[in-house]
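Presented below is the structure to which this report refers.
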Amino acid sequence: MIRYIIRRLLISIPILLIGSFACYVLVATAGNPLAEMRFRPGVTEADIKAAEVALGLDKPVFIRYWNWLTDFLSGDWGQSIALGQAKTAVFPAVTDALWTTGRLVIGAELLALTLGVSVGVLAAVRQYSIFDYLATSTAFLMFSMPIFCVAVIVKNYGIQFNNVLESMGLDRWLTTAGPRPGGFTGSFGEVIFKYTGTFLLPTVALMLISFAAYSRFERASMLEILHSDFVRTARAKGISQGRVIFKHAFRNALIPVSTLFSLNFGAVLSGAIITETVFGWAGMGTLLVNSVRQFDPPMLMGWLAVTATLIVLFNLIADVVYGILDPRIRLG
Amino acid sequence: MANINLASEGGVVNSAPESGSHEFDATKTRTQGQLVLRRFLRHRLAMVSLGVFVFLVLFAFVGPFVWTYDYEDVTSKSYQPMSGTHPLGTTQVGKDMLALLMRGTAYSLQIALIVAALATAIGVTFGALAGYLRGFIDTVLMRLVDLLLIIPQIAVAAIVVKGFSGSWYVVALVLAAFAWMSIARITRGETLSLAQREFIEAARACGASTPRIIFKHLVPNMIGSITVNATLAIAAAVLTEAALSFLGLGVQPPDTSLGVIVLENYGQFMNRPWLFWGPFIVLVSLSLAVNFIGDGLRDAFDPRQTKVRA
């Protein structure tokens, strides 16, 4: 197992290197961060040249990539060079954004997994019942729904719910514009109130999207297991229905879903990007959108490197978890 | 092509009617294609979805010729409510929403179809090459797939659109460049097992070239999974394009798409809900219809899967 993990990590190093180089070339050819400078009053060609030299933009792309890579690996992720903005260091900006997104995504994913798996198991056990049809059609509908529409709908009904609360003389509960900086203060009850109010809507939006995939997947794998020979044997031995479902079928049906959970990372990330934009959270999504709009190469490279590394890690985790849960699979 | 006929012999139903009853003697022989078509035509949900899809295509490409307003017409009336002259109202600048929707649907459809066609072509070619030739080419192509899978599609598409152009075909090309990997993996897997079969060996013994074996012998045998995955790629492309455009990083004006229309109007959700629900319903029915068509195709190509649907 350890040997397998080490080998996989070694394989992913060249992939990450080539990937980061491809991204660097793409970002470098996509635009000149100094292009806007030319349109500013009082800026001469000499100023632009000086800025280019200061940023190292006059060197060939290979050398620039090499410099970026060595700096990046030694912990110096550079500074944002977007014009008209205060220069911010890339490392804290990306890690802060990742933390904000992580807080949102982890909770939503765990909820979606619990709910999706329970609904999927129930739908499989009661196949072709009203519950099954309801669950399957809801999942299908959610699956075909654009993420941003779900987020917009959830947000606006949240606002209406707030208005109802206010008209009843209560405080507005649900926050639709991102968490307040500085965390939550007040008594324990107040913190809970603010915390749930802040997290509820984006969590629901993100959860609804992932839930569809998990429940559909769990239903299919549970059905497959329920129709397999060893389950029939277990039933024939006279084991009770509940024990067959939970001790024999459920454990095996969890294996493919657990892999989906870790492989789903890319989809969850793009879901989070959109949810954050709608709800105004300053996470990875907002960071990406802003860095692209202002065209900020160092920030974009930091963003891409972090997400690519995370995706590689999650893929590895998926394979390792698969190997642990299913002893029939030999990793090697 | 010989193997296709071979497969169809196994698929012919009612080839042995009960002896004695003369009415059933004349059993029609059907080719594999006819069987698949029959099963598809009998899939009720898929046929309804096909109807919806055809309606949306007509709405997008024929509608503008019928409808009185053009998407470029700017009336002086900003934010008109729903009425006989403007069934879906007008936008802030006074454009007729129905005409805009037709235009947006047309662009979204064009993008989705191009993405699906390109992704399928690249995916099938690369997957079949990797699975058939194996060895070095297999390794290179599959590492390329791994490489593209770790780079977030949404970020690369945004950067390309920002750096080059936000016209609809650039968006389509970028999305296609990141949509072929799963099709390539599926095709490679199927090719690996098909390439071991005798008819491929026979074709090779006859001196058939690699392109001929791939496109005349391997691809026709995988047509089922290729068609299904191409359909699902259309649905995925509709949603990805809409999401990208909604972030403001996809299709740029003067081109438009359903995502752009939602982006421009979702602020009116409370006061003028029809401006949001119009494009929303078109988007959802488009992706639902294509998904259901894919489902029907899967059942038609593989009748064993009818009962268990993931």
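In what follows, chains are A, B, ... by sequence order, proteins preceding strands, each numbered from 1. Just the heavy atoms: all of them, side chains too, but no hydrogens, waters or symmetry mates, feed the values below.
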Practice item. In sequence, state the C-alpha distance, the side-chain angles, and the governing distance for B/Asp295 and A/Phe140, and then conclude on side-chain contact (heavy atoms from CB on, under 4.5 Å). Key: CA-CA 11 Å; B/Asp295 232 36; A/Phe140 221 105; 4.1 Å; yes
Option that, when pairs with chain A are counted at under 4.5 Å, heavy atom only, ranks first among [options]:
options                                : result
B/Ser285, B/Ser287, B/Gly259           : B/Ser287
B/Ala243, B/Pro279, B/Ala158, B/Ala236 : B/Ala243
B/Leu283, B/Val160, B/Thr240           : B/Leu283

Which region of [X], side chain (C-beta onward) or backbone (N, CA, C, O), has a non-hydrogen atom less than 4.5 Å from a non-hydrogen atom of chain A, or is it both or neither?
X        : value
B/Ala235 : neither
B/Leu249 : side chain
B/Leu263 : neither

Point to revise | Note, B/Leu149 side chain near A/Ile311 side chain (heavy atom, < 4.5 Å) | key: no
Practice item. Taking the side chain as every heavy atom from C-beta outward, state whether A/Leu288 and B/Ile154 have any atom pair closer than 4.5 Å. Key: yes
Exercise for review: With side-chain contact (heavy atoms from CB on, under 4.5 Å) as the test, would you mind laying out the steps for A/Ile153 and B/Trp277 before giving the verdict?
Suggested key: CA-CA 10 Å; A/Ile153 293 170; B/Trp277 292 107; 3.7 Å; yes
Point to revise | Which portion of A/Cys23 sits near chain B, non-hydrogen atoms under 4.5 angstrom | key: side chain
Practice item. Heavy-atom distances under 4.5 Å only: say whether A/Ile15 touches chain B with side chain, backbone, both or neither. Key: both
Review point. Going through the distances and angles, do B/Ile159 and A/Leu304 end up as a side-chain contact (heavy atoms from CB on, under 4.5 Å)?
Key: CA-CA 11 Å; B/Ile159 292 169; A/Leu304 284 166; 4.1 Å; yes
Review point. A/Val292 and B/Leu247: side-chain contact (heavy atoms from CB on, under 4.5 Å), yes or no, with the steps?
Key: CA-CA 11 Å; A/Val292 171; B/Leu247 289 177; over 6 Å; no
Check your understanding: Is it true that atom CZ of B/Phe55 has more than 12 heavy atoms of other residues, nucleotides or ligands lying nearer than 6.0 Å?
Key -> no
Exercise for review: Hey, could you give me the OG/CG distance between A/Ser144 and B/Asn291, rounded to the nearest 0.5 Å?
Suggested key: 4.0 Å
